[in-house]
Structure formats: C-alpha cells, structure tokens
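Here's the structure, in structure tokens; my notes come after.
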Amino acid sequence: MIDLNLIIERFPAFLGGTDGAPILSTSDGLQLTLELLGLSLAFGLLLAVPMALMRVSRNKWVARPVWLYTYVFRGTPLLVQLFIIYYGLSQFDWVRDSWAWEYLREAYVCAILAFTLNTAAYTTEILAGQIRNTHYGEIEAAKAMGMGKWLMMRRIVIPSALRRALPAYSNEVVMMMQSTSIAGLVTLADLTGVARRVFSDTYMPFEPFLTVAGIYLVMTFALVWLFKKAEQRWLAYLAPRKH
C-alpha cells in the first residue's frame, strides 16, 4: 500500500528549502527546478534570436556554423552534454586555471549552461523555420513602407516569427521542464534529487517518485494552459473564421 503519511510528511521538502542547496542557489526541490527552467529558457531564447537570423543567412560562412551547432546539440543526448560540461571540462588545465573555473566547478552553473545550450539549439531551428515561412505579403508591405532590411526584421519579421513559433516553442518548454530532472545526477537537489534523498532515508521508492511525477504533471498542465492562452491572444488572426 502507498504510505500517504510519508508523502504528507515529506511534501514540504519537495516544494523547496535551503537544506543542501548549491552555493549559487538559495533553493532546492521545486524552487530549484523552476530556477533551472526559467534561467535556461531565458538565456536560450536570447541566444536563439540572433542565431536564427544567422541560420537563415544566405552567407554560408554565417549559416553553416549555426547549423553545425544546432546539429550537434540536437543530435546528442542532453545527459551526455551535461556530463561533458560538469565532469569533462575539469580535466583541462587551462579551464581550471581560468577565471571561468570559479563558476564551472559549480553543478548549478554547469546545469544551466548545458540546458541553455541545448534549448537554444532547438529554439534556433524553430525560429529559423518561422522566419523562412514569413508571408511574402508582410515583406512586400514592409518594403512598400520604405523599411530597410534590419528595420523590417526588427518590426515585422522577428515579432511575426515569434508569434507563429508559439505552438512549437510550447513543446520545447515542456520538454525542457521535464529534462531538468537530470540535474539531480550532478549533485543538485532538484525535484528528482529530493526524491532520491527521501528514498535513501526511507528505502521506499514509490512514494517520493510518485510525488515528483505528480508535480511534473501539474506543471505540464499549467504550461500547456498558459501557452494556449498566449496562442489565443497572439495567434487569433490565424484561427479559422466562424461563420
């Protein structure tokens, strides 16, 4: 039988606290998971917008490096990328002797870096695809208004691409949220890290991991609902007309 008393007793630990938190973070459990997700998505989107513009460039020396980056990060497991950054970089003397080592020795920073690079690769391809699919009528209208290339990109193409990318980007956000569960493998006390800690204390695996599954399910429903509302607001003009 499921021990509900254990779930109730340990539930506050899943929501977050300060016990065993990494140096650069002030939380664990759900709070740490949301930190990793929010920061990774924010930094990833900031990287993805300029890289998407480079990806659609006709200059192969500009587009090919971005293609290679997205191909590598989308073609390899996120867990492997996290392990390479957290465990692999430390074997190089020039990394340990650099200013960056103060940050790269922290699992918190390595996790955010790995998640950021991974989500930036997927988001770059999503945005690049929507930039290519911009309706020619929008381009012609911008040119008729006398807009230059970069003004047109800033006012017409990029905002339009960001709106149309919402459905695909919502899938990436949900996948990224679920992917944060591997952060516990590099000593971070995220949701799965707390679940493993409860399991090691009680030798009862079903209750803690069932609790984590329930929390992730609630977060998934919440994200899907938020993106549906965003699509209704910013993509209403693409919806079929009601007669």
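In the hydrophobic clustering of this structure, Val212 groups with Ile182; members are Ile, Leu, Val, Met, Phe, Trp, Tyr whose side-chain heavy atoms approach within less than 4.5 Å, directly or through other members. Residues Val174 and Leu78 share a single hydrophobic cluster, defined by chaining ILVMFWY side chains whose heavy atoms lie under 4.5 Å apart. Linking Ile, Leu, Val, Met, Phe, Trp and Tyr residues whenever their side-chain heavy atoms come within less than 4.5 Å leaves Val80 and Leu188 in two separate clusters. At a threshold of 4.5 Å between side-chain heavy atoms, the hydrophobic network of Ile, Leu, Val, Met, Phe, Trp and Tyr places Ile139 and Leu127 in one connected group. When hydrophobic clusters are built by joining Ile, Leu, Val, Met, Phe, Trp and Tyr residues whose side-chain heavy atoms come closer than 4.5 Å, directly or via intermediates, Tyr108 is not grouped with Trp101.
Distance alone, capped at 3.5 Å, is enough to place a donor-acceptor pair between the Ser200 side chain and the Arg197 backbone. Side chain of Ser160 to main chain of Val157: no donor-acceptor pair is present (N/O by atom type, distance under 3.5 Å, no hydrogens or angles). For the pair Asn118 (side chain) and Ala114 (backbone), a donor-acceptor distance under 3.5 Å is absent. A donor-acceptor contact shorter than 3.5 Å is absent between the side chain of Ser57 and the backbone of Leu53.
Rounded to the nearest 0.5 Å, atoms CD1 (Ile7) and CG (Leu210) are 5.5 Å apart. Annotation: the span from Leu223 atom CG to Asn171 atom CG amounts to 11.0 Å, rounded to 0.5 Å. In this structure, CD on Gln178 lies 10.5 Å from CE on Met176, to the nearest 0.5 angstrom. For the atom pair NZ (Lys228) and CG (Leu166), the distance works out to 11.0 Å, reported to the nearest 0.5 Å. Separation of atoms CG (Leu37) and CE (Met219) is listed at 7.5 Å; rounding is to 0.5 Å. Note that the CG atom of Leu15 and the CZ atom of Phe11 stand 4.5 Å from one another [nearest 0.5 Å].
Between Val198 and Phe209 the shortest side-chain heavy-atom distance does not fall below 4.5 Å. Taking the side chain as every heavy atom from C-beta outward, Pro167 and Leu235 approach each other to under 4.5 Å. Counting heavy atoms from C-beta on, the side chains of Glu138 and Thr134 come closer than 4.5 Å. Counting only heavy atoms from C-beta outward, the side chains of Tyr216 and Thr180 approach each other to under 4.5 Å.
Residues passing the side chain to side chain donor-acceptor pair (under 3.5 Å) test with Glu125 are Arg55, Thr70, sequence neighbours excluded. By the side chain to side chain donor-acceptor pair (under 3.5 Å) test, Thr76 pairs with Gln81, sequence neighbours left out. Here Ala142 pairs with Met147, Met152, Ile156 under the side-chain contact (heavy atoms from CB on, under 4.5 Å) rule; sequence neighbours left out. Tyr169 pairs by the ring-ring contact (aromatic ring centres under 6.0 Å, His included) definition with nothing, not counting sequence neighbours. Applying the side chain to side chain donor-acceptor pair (under 3.5 Å) rule to Ser170 yields no partners; only residues at least two apart in sequence or on another chain are considered. Legend: residues meeting side chain to side chain donor-acceptor pair (under 3.5 Å) with Thr124, ordered by chain and number and at least two apart, are absent.
Closest approach of Pro208 and Ala195 over heavy atoms only: CB-O, 3.7 Å. Heavy atoms only, all atoms of each residue included: Ala107 and Val186 are closest at CB-O, 3.0 Å. For the residue pair Leu36 and Ala111, the shortest heavy atom distance occurs at CD2-CB, 4.2 Å. Closest approach of Leu30 and Leu191 over heavy atoms only: N-CD2, 3.7 Å. Smallest separation of non-hydrogen atoms from Ala120 and Ala48: O-CB, 3.9 Å. Taking all atoms of both residues into account, the shortest heavy-atom contact from Ala52 to Ile131 is CB-CD1, 4.1 Å.
Around the CZ atom of Arg74, the shell of radius 6.0 Å holds more than 12 heavy atoms that belong to other residues, nucleotides or ligands.
Residue Met204 shares its hydrophobic cluster (ILVMFWY side chains chained together at separations under 4.5 Å) with Leu6. Its side chain within the 4.5 Å cluster rule, Phe221 clusters with Leu217 among the Ile, Leu, Val, Met, Phe, Trp and Tyr residues.
Applying the ring-ring contact (aromatic ring centres under 6.0 Å, His included) definition to pairs two or more places apart or across chains, none involves residues 111-150. Sequence neighbours left out, the pairs with a member in residues 199-225 that pass salt bridge (charged side-chain N to carboxylate O under 4.0 Å, His left out) are Arg10-Asp201. Counting only residues at least two apart or on different chains, the ring-ring contact (aromatic ring centres under 6.0 Å, His included) pairs with a member in residues 33-77 are Trp67-Tyr71, Tyr69-Phe73.
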Show the atom names and distances, to 0.1 Å, of all donor-acceptor pairs under 3.5 Å that link a side chain in residues 82-94 to residues at least two apart or in another chain.
| from | atom 1 | to | atom 2 | distance (Å) |
| --- | --- | --- | --- | --- |
| Ser90 | OG | Tyr87 | O | 2.8 |
| Asp93 | OD1 | Arg96 | NH2 | 2.2 |

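Checked for salt-bridge contact, Asp190 and Arg196 miss the test: no charged N lies under 4.0 Å from a carboxylate O.
Side-chain atoms of Glu172 and Thr119 form a donor-acceptor pair, as typed in the model, at a separation below 3.5 Å.
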